[in-house]
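Have a look at the structure below, then the notes.
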Amino acid sequence: MRAFAKCVARAPYHAVPHSSLPSPHPLLQTFAGLCRHGAFSEAIAAMASLEVLGLVADSISYSDLIKLCVRHGAVEQGRLLHRHLSSGGRAPELFLSNSLMGMFVRFGLADEARKVFDAMPVRNVVSWTTMISALTNLGQAEEALRLLISMQREGIAPNRYTFSSVLKACLTSASLRSMHGCIVKHGLESDVFVRSSLIDVCSKFLDMDYGYRIFNEMATRDLVVWNSIIGGFAQGGDGYMAITLFTQMKKAGFFANQSTLTSALRACTGMVLLEMGRQLHVHVLKYNPDLILNNALLDMYCKCGDLEEADELFDRMPERDVISWSTMISGLAQNGRSTDALKLFESMKVLGPKPNHITLLGVLFACSHAGLLEDGRHYFSSMRQLFDIEPGSEHYGCMVDLLGRAGKLEDAMKFIADMSFEPDIVIWRTLLGACRVHKDSNLAAFAAKQVLRLEPEDEGAYILLSNIYADSHQWTEAEQVRRSMRDCRVKKEPGRSWLELGKQIHVFIAGDMSHPQADGIKKELSKLLTRTTAMGYVPDTDFVLHDVGKEQKEESLRYHSEKLAIALGVMNSTGAKPIRIMKNLRICGDCHTFAKLVAKSESMTIIIRDPVRFHHFKDGSSSSPSA
DNA sequence: TTAGGGTTAG
């Protein structure tokens with residue numbers, strides 16, 4: 001009733017008789033009709049005639065024409081329209097200026113949007129929000145925040161649209177919290193759009209406690225909010241939390257969309273949960289998965305070591321972008337199929353999109369892990385010439401790894417010295433690792449000092465340095481390093497291996513026999529040791545770095561976490577599926593040999609993933625030459 | 001006429 005009364009009140013009781021109004025120019029009527037009916041080219045042509053005659057049409061027609069320019073992606077015509085509306089040096093009216101800004105933003109022409117904005121004599125909240133949103137999307141955070149302050153100085157209050165946009169411009173946890181305070185002051189803290197932005201920004205700062213609190217305080221949630229919180233945990237590395245929330249979301253009655261599934265898959269990838277990833281794949285098949293979801297699925301199979309499934313998916317994908325190709329190339333390389341990775345890169349050069357710096361990282365990784373020194377040099381030197389990619393520190397790191405593995409420590413050192421920028425900690429760590437393998441304690445000491453200069457609490461450097469001294473039986477020096485480690489309160493992260501059996505995850509720590517089936521595992525391990533010893537396995541006590549007796553060393557090797565996991569895997573294996581084991585530290589040389597022989601004696605496939613790569617053991621051979 | 005979520009490496 002109230003709406004009806006309003007209409008009546010606005011009705012033109014004293015309308016001017018038609019005959020007394022000047023009749024509009026016929027061209028204006030034609031122009032209005034063309035705009036209203038979407039006749040784009042004709043409307044633009046008519047606009048040129050209006051210009052010649054010095055006629056100005058009505059705002060609704062111009063607004064329709066702006067929408068048509070956007071729909072047709074017609075940048076030049078849009079500019080023409082802007083010029084037409086600004087003719088005579090006057091700014092278009094507020095509503096039209098806002099629309100023009102929106103049009104330029106959609107065309108990615110923020111500078112031109114800014115010109116419209118600056119020329120406006122009056123601006124409303126939409127004008128300010130459009131400009132702020134354009135700036136945040138361009139990463140011009142400071143300018144966006146400056147505009148937020150200016151608009152308030154001019155007496156315009158930001159609304160839910162403004163805050164949803166400007167939150168991306170918070171670059172520190174502190175600025176996020178102060179912006180949250182501002183949102184509360186404006187009474188907008190319960191808006192779902194604002195909250196999902198808040199949660200998203202929290203995840204960027206890895207401040208998920210704060211994000212989770214905001215999420216929990218919400219009375220009503222929509223799918224995007226669930227996606228923000230699940231995505232936040234998945235990207236922040238807390239896969240367990242992401243999966244838990246994914247389950248809760250489904251219980252709350254929401255249906256996962258492509259975005260949700262992408263995050264859930266990322267969580268599985270992070271935790272190397274192949275079985276759960278496969279279950280999600282079944283879920284994905286209900287949709288027509290888009291490129292991003294397929295890429296996430298591809299990455300999950302690669303990172304979980306199921307290359308057959310990854311290969312098949314890659315072939316089946318209806319569309320592949322640079323991420324798909326890079327994922328597959330790195331996946332092959334990480335799973336020990338470097339030659340296939342390089343073959344795929346060669347076909348990408350012919351059939352695929354232009355490689356980017358990440359693609360080249362995968363290629364160099366493939367070379368370094370297969371010891372393909374010359375290929376590596378070739379690809380590295382071709383980066384600039386062929387692909388216009390400037391090598392970054394990661395690419396240099398791969399080259400140092402490649403030279404280091406090949407035992408060319410001096411070349412690696414020279415390579416570092418020739419770098420145009422300061423070597424970072426990763427490069428020094430890589431050199432240090434190579435020094436350990438090739439037992440160059442002098443260079444190792446130098447590299448370790450560089451690492452500790454950049455990161456005084458780097459436990460890896462202490463351990464590697466101590467290992468080098470222990471390898472060369474310099475026990476006093478080894479002990480000295482361990483003592484400085486203790487002084488700095490740096491502790492060695494314990495080796496941890498885990499495997500999925502059904503829906504259970506079994507975790508083992510070196511020497512820890514608290515597993516409920518510990519007795520069975522011990523027996524199985526003895527059996528496996530007897531069989532592998534008969535095949536020539538000799539415990540490689542070089543990998544035990546304490547100054548202890550031979551028997552003690554062997555005892556310590558026997559219960560390395562990956563050996564315990566292998567034993568449990570063999571006990572529960574039907575032989576049909578590979579045994580998949582994950583490890584938090586790099587696999588040691590002794591366990592590498594042991595796994596290879598167990599795979600042969602038991603006729604099984606064993607796949608061990610360490611933080612750097614996968615090791616596939618089958619028929620007594622391995623995808624990796626050594627640890 | 002203005003707003004929020006998902007993919008490769010590290």
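All figures in this text were calculated on a predicted structure; none of them were measured in a lab. Any value given below was found using the heavy atoms of this structure, including those in side chains, with hydrogens, waters and symmetry copies removed. Chain letters run A, B, ... following the sequence lines, proteins first, then strands; residues in each count from 1.
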Which nucleotide, [options], lies nearest any side-chain atom of [X]?
X        : options             : value
A:Ser326 : B:dT8, B:dT1, B:dG6 : B:dT8
A:Arg160 : B:dA3, B:dT1, B:dG6 : B:dA3
A:Asn98  : B:dT8, B:dG4, B:dT1 : B:dT1
A:Asp299 : B:dT2, B:dA9, B:dT1 : B:dA9
A:Ser165 : B:dA3, B:dT8, B:dT2 : B:dA3
A:Val225 : B:dT7, B:dG4, B:dA9 : B:dG4
A:Ser330 : B:dG6, B:dG4, B:dA9 : B:dA9

Pairs of donor and acceptor atoms involving the side chains of residues 104-113 of chain A, under 3.5 Å and at least two apart or interchain, shall be tabulated with distances.
unit_1	atom_1	unit_2	atom_2	d
A:Glu112	OE1	A:Arg79	NE	2.9
A:Glu112	OE2	A:Arg79	NE	3.2
A:Glu112	OE2	A:Arg79	NH2	2.7

Check your understanding: Do side-chain atoms of A:Asn335 reach the backbone of A:Arg337 as a donor and acceptor pair under 3.5 angstrom?
Key -> no
How many Å lie between [atom1] on [X] and [atom2] on [N], as a whole number?
X        : N      : atom1 : atom2 : result
A:Leu332 : B:dA9  : CG    : P     : 13 Å
A:Glu394 : B:dT8  : CD    : C1'   : 13 Å
A:Asn294 : B:dT8  : CG    : C1'   : 14 Å
A:Asn356 : B:dG10 : CG    : C1'   : 14 Å
A:Ile427 : B:dG10 : CD1   : C1'   : 13 Å
A:Tyr301 : B:dT7  : OH    : P     : 18 Å
A:Leu96  : B:dT2  : CG    : C1'   : 15 Å
A:Phe314 : B:dT8  : CZ    : P     : 16 Å

Practice item. Keeping to residues at least two apart or across chains, list the side-chain hydrogen bond (donor to acceptor under 3.5 Å, both in side chains) pairs with something in residues 147-160 of chain A. Key: A:Asn159-A:Thr162, A:Arg160-A:Asp191
Categorize [X] for me: base, sugar-phosphate, or nothing, with a 4.0 angstrom heavy-atom threshold over every strand shown.
X        : value
A:Leu293 : base
A:Asp222 : base
A:Leu223 : base
A:Val105 : nothing
A:Val194 : nothing

Review point. Within the modelled atom types, does a donor on one side and an acceptor on the other bring the side chain of A:Ser196 and the base of B:dG4 under 3.5 Å apart?
Key: yes
Review point. Any N or O donor-acceptor pair linking the side chain of A:Asn295 to the base of B:dG6 at under 3.5 Å?
Key: no
Exercise for review: Would you indicate, yes or no, if B:dT8 has its OP1 or OP2 atom less than 4.0 angstrom from a side-chain nitrogen or oxygen of A:Arg266?
Suggested key: yes
Check your understanding: Is the shortest side-chain N/O distance from A:Lys303 to OP1 or OP2 of B:dA9 below 4.0 Å?
Key -> yes
Check your understanding: So A:Tyr210 and A:Phe205, ring-ring contact (aromatic ring centres under 6.0 Å, His included) or not? Walk me through it.
Key -> CA-CA 10 Å; A:Tyr210 194 58; A:Phe205 301 134; over 10 Å; no
Exercise for review: Run through A:Thr260, A:Val225, A:Leu261, A:Ile199 and flag the one making a side chain to side chain contact (heavy atoms under 4.5 Å, CB included) with A:Ile230.
Suggested key: A:Thr260
Exercise for review: Examine A:Arg71 relative to A:Phe40 and say whether NZ or CZ is less than 6.0 Å from the centre of the six-membered ring and inside a 45° cone about the ring axis.
Suggested key: no
